[in-house]
Amino acid sequence: TSTAAMISAAVAIAGAAAGTVSAVQQAEGRRQQTEYQSELAARNAQQAELSAQAADEAARQERRAGYEAAQAKRQEAARIVGAQRAQTGASGAQTDAGSTLDKNLDTAEKGELDALAQEQQGNAAAYNQQVRAWNLRNQATGAALNAENLGSHAQTDYLGLTSTLLNGASRMGRNFY
């Protein structure tokens, strides 16, 4: 029985060793995969932040374009009013009274409304870009947290290895009692 017990113990030791080696290989594979996923999540976070910065710049450009379009519309309205006044003055009519004044005021009012519409369109486009930037930053934060979480799980599973060794030792111990 002592030879059988020794053979049984040797088999148990070999089984525990094989189980431990297998557990080490599996743990290392999981660690490498988790590290890769962590690095990928970190790159996704960086890309999302870069996209958010681009969206911020696009918002500034949209706001600027709306302002410039409004200014151009105001200048166009002023030119039209000036041309109307010059035409009325050249005909000898009074430019600051009656229907001529009404016509000039209507033109100026419509020009200002058009300018305000241009400015509002620029602000709306800028707001949309700001919302896009905000969403991208949320994605970046989520990806960064995911990367951090994955990074903390990229450690080797020593508890699993210890469990495999203890199970093997337990099996070996049963052979002697």
Side-chain angles (χ1 to χ4, degrees), residues 8-79 108-175:
S8 180
V11 169
I13 290 172
T20 302
V21 168
S22 175
V24 166
Q25 290 173 343
Q26 289 175 358
E28 179 60 18
R30 283 192 303 271
R31 185 193 63 76
Q32 287 176 353
Q33 182 179 9
T34 305
E35 272 185 11
Y36 172 76
Q37 290 172 343
S38 175
E39 290 170 9
L40 190 61
R43 275 188 251 130
N44 287 344
Q46 290 172 343
Q47 184 58 46
E49 179 56 33
L50 289 174
S51 295
Q53 290 172 4
D56 283 339
E57 180 57 30
R60 283 189 287 279
Q61 289 175 356
E62 292 286 354
R63 190 171 282 110
R64 187 179 318 114
Y67 174 79
E68 290 171 358
Q71 291 301 86
K73 191 53 86 171
R74 286 182 180 103
Q75 290 172 356
E76 179 185 348
R79 278 193 302 277
E109 179 184 16
K110 288 177 184 173
E112 183 59 23
L113 288 175
D114 287 346
L116 290 173
Q118 292 288 326
E119 199 165 356
Q120 176 55 34
Q121 288 173 0
N123 286 335
Y127 175 77
N128 288 338
Q129 289 296 333
Q130 287 174 322
V131 168
R132 183 171 166 262
W134 182 79
N135 286 332
L136 288 165
R137 284 206 171 82
N138 281 341
Q139 288 176 7
T141 301
L145 289 173
N146 189 29
E148 185 177 318
N149 184 36
L150 288 168
S152 68
H153 286 88
Q155 305 302 318
T156 303
D157 184 15
Y158 290 109
L159 183 60
L161 297 175
T162 304
S163 173
T164 302
L165 282 172
L166 289 175
N167 284 336
S170 170
R171 275 183 266 137
M172 187 177 76
R174 276 184 257 146
N175 290 330

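Quick caveat: nothing in here was measured; it's all calculated off a predicted structure.
From Gln120, atom CD reaches atom CG of Leu116 across 9.0 Å, with rounding to the nearest 0.5 Å. Going from atom CG of Asn135 over to atom CD of Gln130 covers 12.0 Å, rounded to the nearest 0.5 Å. Expressed to the nearest 0.5 Å, how far CD of Glu119 lies from CZ of Arg74 amounts to 5.5 Å. Put simply, CG on Asn44 and CG on Leu40 are 5.0 Å apart, with the number rounded to the nearest 0.5 Å. Remark: Asn128 CG to Asn123 CG distance equals 11.0 Å, nearest 0.5 Å. Note that the CD atom of Gln75 and the CD atom of Gln71 stand 6.5 Å from one another [nearest 0.5 Å].
For the side chain to side chain donor-acceptor pair (under 3.5 Å) test, residues two or more places apart in sequence or in another chain that qualify with Gln61 are Glu57. Legend: residues meeting side chain to side chain contact (heavy atoms under 4.5 Å, CB included) with Glu76, ordered by chain and number and at least two apart, are Lys73, Arg79, Ile80. Listed by chain and number, the residues in a side chain to side chain donor-acceptor pair (under 3.5 Å) with Arg64 amount to none (sequence neighbours excluded). In this structure, the side chain to side chain contact (heavy atoms under 4.5 Å, CB included) partners of Ala42, at least two apart in sequence or on a different chain, are Ala147.
The shortest distance between side-chain heavy atoms of Gln47 and Arg43 does not fall below 4.5 Å.
Scanning all heavy atoms of the two residues, the minimum distance from Arg63 to Ala126 falls at NH2-CB, 3.5 Å. Between Ala144 and Ala45, the shortest heavy-atom contact is N-CB, 3.7 Å.
Applying the salt bridge (charged side-chain N to carboxylate O under 4.0 Å, His left out) test to residues at least two apart or on different chains, none of the pairs has a partner in residues 9-25. Residue pairs satisfying the salt bridge (charged side-chain N to carboxylate O under 4.0 Å, His left out) criterion with at least one member in residues 120-138, sequence neighbours excluded, are listed as follows: Glu49-Arg137, Asp56-Arg137.
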